[in-house]
Amino acid sequence: MVADRARNPMTELRRGTIAFCVLALLDDRERYAVELVGALTENRALATGAGTIYPLLSRLREEKLVASTWQESPAGPPRRYYRLTASGRRSLEAFRGEWAQFRDAVDQLLTQKAS
């Protein structure tokens with residue numbers, strides 16, 4: 001790989017998995033966008049901003065993986081809360097199985113010693 005042309009591998013991994021991380025966060029309860037950003041940012045490797053999360057949530061809504069409702073906020077304007085749909089739950093479960101296999105295969109290769 002040429003250094004100036006190579007993308008950051010962690011950025012590429014994050015880009016490919018962040019949607020499923022959002023679905024996983026919505027698996028236990030509905031949340032609003034800023035809350036999702038905060039939960040992702042708790043783990044530095046998953047840190048993302050509003051400029052990423054809002055378009056992602058719109059795409060997930062268009063794909064019917066999440067649904068949303070407006071709710072009054074105790075402080076400030078109403079908030080759009082997102083929840084997992086049945087289709088989103090199926091997609092998340094399928095990813096969980098595939099991710100485990102992928103993760104195990106990568107771990108095996110990365111920890112393999114040259115013979």
Side-chain angles (χ1 to χ4, degrees):
M1 270 190 234
V2 178
D4 16 317
R5 292 188 185 173
R7 288 189 166 167
N8 179 323
M10 291 310 296
T11 299
E12 292 299 310
L13 277 172
R14 187 180 305 110
R15 183 174 292 141
T17 57
I18 199 76
F20 293 101
C21 293
V22 167
L23 294 180
L25 286 169
L26 295 174
D27 195 26
D28 63 338
R29 65 182 171 87
E30 64 182 12
R31 299 171 190 249
Y32 60 100
V34 173
E35 191 178 6
L36 289 165
V37 169
L40 291 167
T41 302
E42 286 177 12
N43 184 323
R44 197 172 71 151
L46 298 175
T48 191
T52 298
I53 204 75
Y54 284 109
L56 172 63
L57 288 168
S58 290
R59 183 174 58 83
L60 293 174
R61 272 191 14 210
E62 289 171 11
E63 294 173 359
K64 309 261 190 265
L65 299 176
V66 301
S68 66
T69 55
W70 287 97
Q71 296 180 22
E72 290 298 321
S73 169
R79 296 176 177 159
R80 183 184 293 246
Y81 278 80
Y82 297 86
R83 68 185 175 285
L84 210 51
T85 63
S87 180
R89 189 162 278 110
R90 286 190 300 272
S91 183
L92 176 60
E93 287 308 310
F95 179 79
R96 282 179 168 145
E98 292 170 8
W99 178 257
Q101 290 177 333
F102 178 79
R103 179 201 60 222
D104 292 347
V106 171
D107 284 349
Q108 183 180 11
L109 289 173
L110 292 177
T111 59
Q112 205 174 56
K113 297 217 184 227
S115 1

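The first residue in the sequence is number 1, and the count goes up from there. Reckoned from all heavy atoms, side chains included, excluding hydrogens, waters and symmetry mates.
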Taking atom [atom1] of [X] and atom [atom2] of [Y], what is their separation to the nearest 0.5 Å?
X     : Y     : atom1 : atom2 : result
Thr17 : Trp99 : OG1   : CH2   : 5.5 Å
Leu25 : Phe20 : CG    : CZ    : 13.5 Å
Arg79 : Glu35 : CZ    : CD    : 8.0 Å
Leu65 : Leu92 : CG    : CG    : 10.0 Å
Arg31 : Leu84 : CZ    : CG    : 11.5 Å

Minimum heavy-atom separation for [X] to [Y], with atom names?
X     : Y     : answer
Thr85 : Val66 : CG2-C, 3.5 Å
Pro77 : Ser73 : O-CB, 3.1 Å
Ala50 : Val37 : N-CG2, 4.2 Å
Ala33 : Tyr54 : CB-CE2, 3.4 Å

Any side-chain heavy atom of Leu56 sitting closer than 4.5 Å to one from Thr48?
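No, side chains not in contact.
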
With a 4.5 Å cut-off on side-chain heavy atoms, are Arg61 and Tyr82 touching?
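Yes, close enough: below the 4.5 Å cut-off.
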
Could you please spell out the steps behind the salt bridge (charged side-chain N to carboxylate O under 4.0 Å, His left out) verdict for Glu93 and Arg96?
CA-CA 5 Å; Glu93 287 308 310; Arg96 282 179 168 145; 2.5 Å; yes

Do the ring planes of Tyr81 and Tyr32 sit parallel (below 30°), tilted (30 to 60°) or perpendicular (above 60°)?
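Taking Tyr32 first and then Tyr81, their aromatic rings stand perpendicular (interplane angle over 60°).
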
Where do Arg83 and Leu26 land on the side-chain contact (heavy atoms from CB on, under 4.5 Å) test, with the steps shown first?
CA-CA 6 Å; Arg83 68 185 175 285; Leu26 295 174; 5.9 Å; no

More than 12 heavy atoms of other groups within 6.0 Å of Arg44 CZ
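No, CZ of Arg44 has 12 or fewer neighbouring heavy atoms, counting only those of other groups under 6.0 Å.
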
Assess whether salt bridge (charged side-chain N to carboxylate O under 4.0 Å, His left out) is satisfied between Glu12 and Arg15, documenting all intermediate values.
CA-CA 5 Å; Glu12 292 299 310; Arg15 183 174 292 141; 2.9 Å; yes

Could you walk me through whether Val22 and Leu40 pass the side-chain contact (heavy atoms from CB on, under 4.5 Å) test, one step at a time?
CA-CA 8 Å; Val22 167; Leu40 291 167; 4.1 Å; yes

same_hphob_cluster([X], [Y]) at 4.5 Å side-chain heavy-atom cutoff:
X     : Y      : answer
Leu13 : Ile53  : no
Trp70 : Leu60  : no
Ile18 : Val106 : yes

